[in-house]
There are 4 protein chains.
Amino acid sequence: MADKKATIRTGRPRSIESQQAILDATWKLLKKISVRDLSIEGIAKEAGVGKTTIYRWWPSKTAVVVDAFMTRVITDICFSESDNAQEELLKQIASLAKALSGENGRIVAEIIAEGQTDKEALQDFRDRFLFPRREAAKQVIIQGIKTGEFNSNLDLELAMDILYGPIYYRLLLGHLPLNQEFSSLMSEMALQCLKKG
Amino acid sequence: MADKKATIRTGRPRSIESQQAILDATWKLLKKISVRDLSIEGIAKEAGVGKTTIYRWWPSKTAVVVDAFMTRVITDICFSESDNAQEELLKQIASLAKALSGENGRIVAEIIAEGQTDKEALQDFRDRFLFPRREAAKQVIIQGIKTGEFNSNLDLELAMDILYGPIYYRLLLGHLPLNQEFSSLMSEMALQCLKKG
Amino acid sequence: MADKKATIRTGRPRSIESQQAILDATWKLLKKISVRDLSIEGIAKEAGVGKTTIYRWWPSKTAVVVDAFMTRVITDICFSESDNAQEELLKQIASLAKALSGENGRIVAEIIAEGQTDKEALQDFRDRFLFPRREAAKQVIIQGIKTGEFNSNLDLELAMDILYGPIYYRLLLGHLPLNQEFSSLMSEMALQCLKKG
Amino acid sequence: MADKKATIRTGRPRSIESQQAILDATWKLLKKISVRDLSIEGIAKEAGVGKTTIYRWWPSKTAVVVDAFMTRVITDICFSESDNAQEELLKQIASLAKALSGENGRIVAEIIAEGQTDKEALQDFRDRFLFPRREAAKQVIIQGIKTGEFNSNLDLELAMDILYGPIYYRLLLGHLPLNQEFSSLMSEMALQCLKKG
DNA sequence: CACTAAACGAGACGGTACGTCGAGTCTTGGA
DNA sequence: TCCAAGACTCGACGTACCGTCTCGTTTAGTG
């Protein structure tokens, strides 16, 4: 996102200041208002930037939001070098659940919501946020299989869906709180599926 | 939804024809366009109805959509009278997964998306669609606990989240298809958590 | 202009207040800025009115300006009941020249200028400003032919063009001032063409 | 126009190719679209030239147009060496009327229109197009005065306005066609004012 | 023959206004 | 009191150009 051509460029180069101002403004506004209520016009005004400058570099409002989210949020994936796959997974899940509670959780939910009618942005969000986490978890599971903790004929994708699905389910449906208690109990329970029967 | 006062009323009574026309029009338009692109104006025009009539009886666009969805979609919950709790649950999950694939799945996803900024409509959707299904499943699990199929100290809400979460996860994140194969494999795997250890 | 259908109307009637506010605002702005620099957006803001309301009732910016000009400017045609056709004509020409000097002259020039790319508005201007004056002058000339002051086989349109053309010529080309001295000398000279040879 | 400094210059000299390309492109575009719809951006693109190059050498869009018009149109002033001043004037007027009909007439009208808000360009147009013609006609009239054809105490400027005014009047107001019939009848009639008597 | 300095193309920049759409409200006449 | 019609104010859309700016690249004359 936010970069388009690798070809030799001519003309005035892209302004880094503007780019930063746009992402900063977006992030600032996101704390007060929803992605839905955010407008390109509002971002441009807040950033002191022309609308065209935004349209030139991002395909949609949601794309800007995803970009702002990814560059403004510390989105480290929990990678403690434990030799216990179960514990490692629990940590990763807890880390995600924590990241998705509060302000950031609301924003992620709204990004996914916007993504329903902006598939390109949803794709971008998956690539930059979702998949890296799934990938990390997969590695842990593979490790767990090697050590014999987990069932050897596990379907990894399915396992990811069961471990992470309930978190997004609560995030988006909002029927029950997405708190630490839930994440620890849920992950412990879900882990049962992975274990050697 | 779509009804407000129980008090004694005077003056011209509400027009049933208009109400039906509005829901019909909404449903018709939903097949072509997204909830997002749907507009009160568009519904009113399609239904041959004044905008005020819609605003009078529904609090928001999404509320109309939820109403249309609930009354137009056959939303029976699978209730076969089996004495096998596991099988019963599998059936329920498969039934939901099937209901959420195709057109209707898209609409549900869009309703949940709109719900992120229309909490009232999301609440309504939960009450009318989500909770009845969870309730039905809970009953089956309670039955399963009685028969000894399932662990007796299960947290029912948690169990629901693990069983249903992955479905909504795929529905909303769209990283992988939400098909029959997934639902059957997933539900079978997830059921492991419920079983007596 | 500013009225469209004679058909039976339903729905909320047009707001007279808005219409007046739009014309007032237009006229006020015209005193400060040129027709060219005037914008629908600016008029709407000044009038405290939505842009759509303007677009609903006028086909273009220039149409609003013509409307404002015609209703705000006292555009009486000089009609003294003299029995001397020559004198009468001189008065009419002097009256027009006076009307076209100063602020109003600038506005008329700008209307005609806009009219070059807005033929509909130019037509409107001709119908409401130009033609009534030409018609009045024609009547006087016809009178003058009857009394024997003027040549009996005059081409009336041609006569109008010779009498009025020089005024608009100076107004629009701006090579020389459009003042009283010019108008009186010019009209006296031009009248020679009409006289019996 | 299109040249600014006579001072000693260093650095890369002005590109004749670019200058020509700009005027050519302007002229080409003018045949399809109005001066109003023409844009610096459009000219630059059509000419394969940077916008700055245009801004460097011309003060405004209209200035480019005037330049293109003056260098692309054969704008010879009719100068037959007749000893009959009347005939000579009729020829000159007919020549102008002919020049101002069709495409070129439209462009002149649009230049004058733009000139209402670009006084510099209007001045330029007067200096390069209007005044030379007036000057030529004045000479003829002076000749006519000498030969006794015309009134000796004629106001030359006034005479010019009466002879040429009606043509621009029709050109810009568009109430009646600007054709050969008009120009010949009108000029013959207008000449009456100049004659002795 | 390198150096200097202006002109060049390209195109990004902050703006302004465009004409359109829909939101939610208001105001008619008629049922 | 409800209803359809449709006008109202308002805010945002995505686009087109404005006139300015910053690049790297010519292209002459000067030192």
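Below, read A as the first sequence line, B as the second, and so on, with proteins coming before strands; counting in each chain starts at 1. As the structure is a prediction and not an experimental result, all values here were calculated from the model.
- Residues that satisfy the side-chain hydrogen bond (donor to acceptor under 3.5 Å, both in side chains) test with A:Thr10, not counting sequence neighbours, are absent from this structure.
- In this view, B:Arg106 and B:Glu103, B:Glu110 satisfy the side-chain hydrogen bond (donor to acceptor under 3.5 Å, both in side chains) rule, not counting sequence neighbours.
- Rounded to whole Å, atom C1' of E:dC13 lies 14 Å from atom CD of A:Gln19.
- Of the residues near DNA chain E, D:Ser18 and A:Ser15, the one whose nearest nucleotide (by heavy atom distance) lies more toward the 5' end is D:Ser18.
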**Q.** Under 4.0 Å protein heavy-atom contact, by nucleotide of nucleotides 23-28 of chain F - B base, S sugar-phosphate only
**A.** B--BBS

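- Per the geometry, CZ belonging to C:Arg56 stands 8 Å off C1' belonging to F:dG6, to the nearest Å.
- As a whole-Å value, the separation of A:Ile22 CD1 from E:dG15 C1' is 14 Å.
- For B:Arg14 and E:dA31, the CZ to C1' distance is 18 Å, given to the nearest whole Å.
- Annotation: side chain of D:Ile54 is in contact with side chain of D:Ile43 (closest heavy-atom distance under 4.5 Å).
- For C:Trp57 and F:dG6, the shortest distance from a side-chain N or O to OP1 or OP2 is not below 4.0 Å.
- For A:Lys61 and F:dG14, the NZ to P distance is 9 Å, given to the nearest whole Å.
- Residues meeting the side chain to side chain contact (heavy atoms under 4.5 Å, CB included) test with B:Gln123, sequence neighbours left out: B:Arg126, B:Asp127.
- For DNA chain E, the residues of residues 26-53 of chain D within the heavy-atom distance limit of 4.0 Å (strictly under) are D:Gly48, D:Val49, D:Gly50, D:Thr52, D:Thr53, sorted by number.
- Per the geometry, OH belonging to A:Tyr55 stands 18 Å off P belonging to E:dC18, to the nearest Å.
- For D:Arg12, the side-chain hydrogen bond (donor to acceptor under 3.5 Å, both in side chains) criterion is met by no residue, not counting sequence neighbours.
- Rounded to whole Å, atom C1' of F:dA12 lies 13 Å from atom CD1 of A:Ile54.
- Computed from coordinates, the B:Glu114 CD to E:dA23 C1' distance equals 14 Å when rounded to whole Å.
- Rounded to 10°, the helix from E:dC1-F:dG31 to E:dA31-F:dT1 has 10° between the axis fitted to its first five pairs and the one fitted to its last five.
- Residues passing the side chain to side chain contact (heavy atoms under 4.5 Å, CB included) test with D:Thr52, sequence neighbours excluded: D:Arg56.
- Listed by chain and residue number, D:Lys32, D:Glu46 satisfy the side chain to side chain contact (heavy atoms under 4.5 Å, CB included) test with D:Lys28 (two or more places apart in sequence, or in another chain).
- The pair D:Asp118-D:Lys61 fails the salt-bridge criterion, with no side-chain N (NZ, NE, NH1 or NH2) lying under 4.0 Å from an Asp/Glu carboxylate O.
- Looking at residues two or more places apart in sequence or on another chain, you find a side chain to side chain contact (heavy atoms under 4.5 Å, CB included) between D:Ala68 and D:Leu23, D:Thr26, D:Trp27.
- In this structure D:Lys51 satisfies the salt bridge (Lys or Arg N to Asp or Glu O under 4.0 Å) test together with D:Glu41, sequence neighbours excluded.
- Scored by the side-chain hydrogen bond (donor to acceptor under 3.5 Å, both in side chains) test, D:Ser15 finds D:Glu17, D:Ser18 as partners (sequence neighbours excluded).
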